[in-house]
Structures are given as C-alpha cells and as structure tokens.
Amino acid sequence: QVQLVESGGGVVQPGGSLRLSCAASGGISTIYTMGWYRQAPGKQRELVALITSGDKTNYADSAKGRFTISRDNAENTVYLQMNNLKPEDAAVYYCFGDIMPLGAYRQACWGQGTQVTVSS
C-alpha cells in the first residue's frame with residue numbers, strides 16, 4: 001500500500017523559513033505529479049504547489065516568489081522550501097501524489113498532514 005509521509009512542519013516566526021519533505025513508499029510503479037496543498041481552520045483545502053515528473057512546476061499566487069517545490073525521483077520525495085513565511089501561511093500542509101501502485105490503477109494519494117504555525 002502506498003504511503004506518503006510528511007515531515008518538516010513546526011513553529012516559525014514571521015519572515016522565517018521551513019522546509020517540508022514528503023516521501024512516498026510502498027509498492028509503487030510510477031509517480032506522476034507530486035505537490036502540496038494546505039488547509040487552514042475554517043477554510044477549504046487549497047493548492048500550494050505542484051511539480052510534474054518532468055519538473056514542470058505550478059504555484060498558487062500566494063506562494064510565488066516565496067516557496068520553491070522540488071523533487072528527488074530516485075528517492076520518491078518531494079520538497080517544499082518556504083521562505084518569508086507569513087501568518088496567513090499557517091495551516092496543515094498535505095502532500096499529494098498522482099501515483100500508479102504496482103498492480104493497481106493510477107490514483108490520488110495523500111499524506112497525513114504536517115502543521116505549520118507562523119507566529120511571533
């Protein structure tokens with residue numbers, strides 16, 4: 001069974017930086033797009049950034065210029081470098097993977113989420 005495990009969340013002051021990581025494991029045939037979404041209390045889950053298997057990236061307007069998404073295909077891992085964090089960036093960040101497991105259909109997979117708190 002495919003699992004996505006995030007790490008790197010925490011508490012940071014405004015203007016600070018965090019780096020999130022998400023490793024996919026289990027019986028994986030192919031990983032297509034990977035990315036990050038976030039959900040703040042009382043709000044819907046929203047896209048932060050996506051990266052294709054060919055390293056094409058897509059960012060939410062709120063993330064452009066401050067966040068950088070990257071991936072290590074050999075390690076089945078996606079990263080999100082977040083700089084100049086603002087209080088409005090506080091949320092639970094979820095890893096996403098468009099994955100074809102071994103012997104199964106292509107499917108959307110999600111991590112359990114990691115909390116990012118931005119507070120002075």
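All figures in this text were calculated on a predicted structure; none of them were measured in a lab. Every heavy atom of this structure was used, including side-chain atoms; hydrogens, water molecules and symmetry mates were not.
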Contacts of R66 meeting salt bridge (charged side-chain N to carboxylate O under 4.0 Å, His left out) (sequence neighbours excluded), chain-then-number -> D89
Quick note, disulfide (SG to SG under 2.5 Å) partners involving residues 31-79, not counting sequence neighbours, are none
Applied to residues 39-52, the salt bridge (Lys or Arg N to Asp or Glu O under 4.0 Å) test, sequence neighbours excluded, yields R38-E46
The complete set of salt bridge (Lys or Arg N to Asp or Glu O under 4.0 Å) pairs with one or both residues in residues 67-80, sequence neighbours excluded, reads none
Residues pairing under side-chain hydrogen bond (donor to acceptor under 3.5 Å, both in side chains) where one sits in residues 16-36, two or more places apart or in two chains, turn out to be S17-N83
So the ring pair (Phe, Tyr, Trp, His ring centres under 6.0 Å) pairs with at least one residue in residues 39-84 (sequence neighbours excluded) are none
Tabulate below the donor-acceptor pairs under 3.5 Å that side-chain atoms of residues 111-120 make, not counting sequence neighbours, or state none.
{"from": "Q112", "atom 1": "NE2", "to": "E6", "atom 2": "OE1", "distance (Å)": "3.2"}
{"from": "T114", "atom 1": "OG1", "to": "G9", "atom 2": "N", "distance (Å)": "3.3"}
{"from": "Q115", "atom 1": "NE2", "to": "A91", "atom 2": "O", "distance (Å)": "3.4"}

Sorted by chain and number, sequence neighbours left out, side-chain contact (heavy atoms from CB on, under 4.5 Å) with Q13 holds for none
So the salt bridge (Lys or Arg N to Asp or Glu O under 4.0 Å) pairs with at least one residue in residues 98-120 (sequence neighbours excluded) are D98-R106
Salt bridge (Lys or Arg N to Asp or Glu O under 4.0 Å) pairs touching residues 50-61, sequence neighbours excluded, are D61-K64
So the ring pair (Phe, Tyr, Trp, His ring centres under 6.0 Å) pairs with at least one residue in residues 100-120 (sequence neighbours excluded) are Y37-W110, F96-W110
Across all chains, not counting sequence neighbours, the side-chain contact (heavy atoms from CB on, under 4.5 Å) partners of A104 are P101, Q107
